[in-house]
Amino acid sequence: MSDVFMLSERQMERIEPFLPLAYGVPRVNDRRVLSGIVYVIRNSLQWKDAPQAYGPHKTLYNRFIRWSRLGVFDRIFVALTEQAGRSKRLMIDATHLKAHRTSASLLKKELFPAISDGQKAA
């Protein structure tokens, strides 16, 4: 597969200090799993659509959820931005994300605050 993305060894060396220690059973290849997570997120795929080269999609999903809750990715992003000499504020452009079809009714139900003081959506 030529379109498979893999983190380089140098990139992994920079990331590894922020990964949690493995207890008990050793984890599967961190480089492969992290590359799969990046590939899925970068291409806006569902976990089940990840190429087999990254291993089982359930492993990608479980590792992403577990490490997100532990703040692993936050620590990686902060450290990399500091090393690059950038500010501590991390901004991600999410304009490409789709809204769920039920989100259109949030203003009507007053579950989401109106942006302006103008009239509410009819």
Side-chain angles (χ1 to χ4, degrees):
M1 236 180 191
S2 63
D3 63 341
V4 173
F5 166 79
M6 284 301 236
L7 291 168
S8 69
E9 288 296 327
R10 185 171 177 265
Q11 290 169 324
M12 281 304 296
E13 287 173 6
R14 292 177 69 189
I15 293 172
E16 279 180 320
F18 307 102
L19 302 181
L21 298 175
Y23 296 102
V25 179
R27 289 191 305 251
V28 296
N29 187 341
D30 285 333
R31 180 179 177 203
R32 185 187 74 197
V33 174
L34 284 172
S35 298
I37 291 170
V38 170
Y39 184 87
V40 167
I41 292 172
R42 185 179 67 187
N43 293 302
S44 302
L45 299 175
Q46 294 181 2
W47 295 107
K48 65 180 182 172
D49 295 331
Q52 272 305 106
Y54 299 121
H57 69 274
K58 188 76 170 172
T59 302
L60 302 178
Y61 171 77
N62 287 339
R63 181 88 53 97
F64 175 75
I65 294 298
R66 187 170 48 247
W67 284 7
S68 293
R69 289 180 180 154
L70 290 172
V72 172
F73 296 112
D74 292 335
R75 288 192 299 272
I76 291 170
F77 292 143
V78 167
L80 293 178
T81 55
E82 285 176 354
Q83 288 174 7
R86 298 200 175 107
S87 69
K88 292 186 180 195
R89 182 175 297 192
L90 175 68
M91 297 174 18
I92 298 173
D93 180 15
T95 56
H96 71 281
L97 297 177
K98 296 179 185 176
H100 193 273
R101 63 178 165 236
T102 60
S103 65
S105 64
L106 292 179
L107 283 175
K108 292 179 186 177
K109 295 178 183 176
E110 297 183 4
L111 296 174
F112 191 76
I115 295 172
S116 67
D117 292 333
Q119 290 182 327
K120 291 184 179 180

*Asks:* So do V40 and Y61 actually touch side chain to side chain, heavy atoms under 4.5 Å?
*Replies:* no
*Asks:* Identify the two heavy atoms, one from F5 and one from L7, that lie closest to each other, and give their separation to 0.1 Å.
*Replies:* CZ-CD2, 3.7 Å
*Asks:* Output the distance between atom CZ (R32) and atom CE (M6), rounded to the nearest 0.5 Å.
*Replies:* 7.5 Å
*Asks:* Mind checking the CZ-CG spacing from R27 to N29? Nearest 0.5 Å is all I need.
*Replies:* 10.5 Å
*Asks:* Test K58 against K48 for side chain to side chain contact (heavy atoms under 4.5 Å, CB included), laying out the working first.
*Replies:* CA-CA 8 Å; K58 188 76 170 172; K48 65 180 182 172; over 6 Å; no
*Asks:* For residues 12-21, please give each side-chain donor-acceptor pair under 3.5 Å, one per line with the distance, not counting sequence neighbours.
*Replies:*
| from | atom 1 | to | atom 2 | distance (Å) |
| --- | --- | --- | --- | --- |
| R14 | NE | Q83 | OE1 | 3.4 |
| R14 | NH2 | Q83 | OE1 | 3.0 |

*Asks:* Within this structure, what is the CG-CG distance for the pair L60 and L34, rounded to the nearest 0.5 Å?
*Replies:* 9.5 Å
*Asks:* Does CZ in R42 sit with more than 12 non-hydrogen atoms of other residues, nucleotides or ligands closer than 6.0 Å?
*Replies:* yes
*Asks:* Side chain of D49, backbone of L45: donor and acceptor closer than 3.5 Å?
*Replies:* no
*Asks:* What's the separation between atom CZ in R31 and atom OH in Y54, rounded to the nearest 0.5 Å?
*Replies:* 10.5 Å
*Asks:* Are the side chain of R63 and the backbone N or O of D30 linked by a donor-acceptor pair below 3.5 Å?
*Replies:* no
*Asks:* Please identify each residue that fulfils side chain to side chain contact (heavy atoms under 4.5 Å, CB included) with F64, with sequence neighbours left out.
*Replies:* I37, I41, W47, S68, F73
*Asks:* Distance check, rounded to the nearest 0.5 Å: T81 atom OG1 versus I76 atom CD1?
*Replies:* 12.0 Å
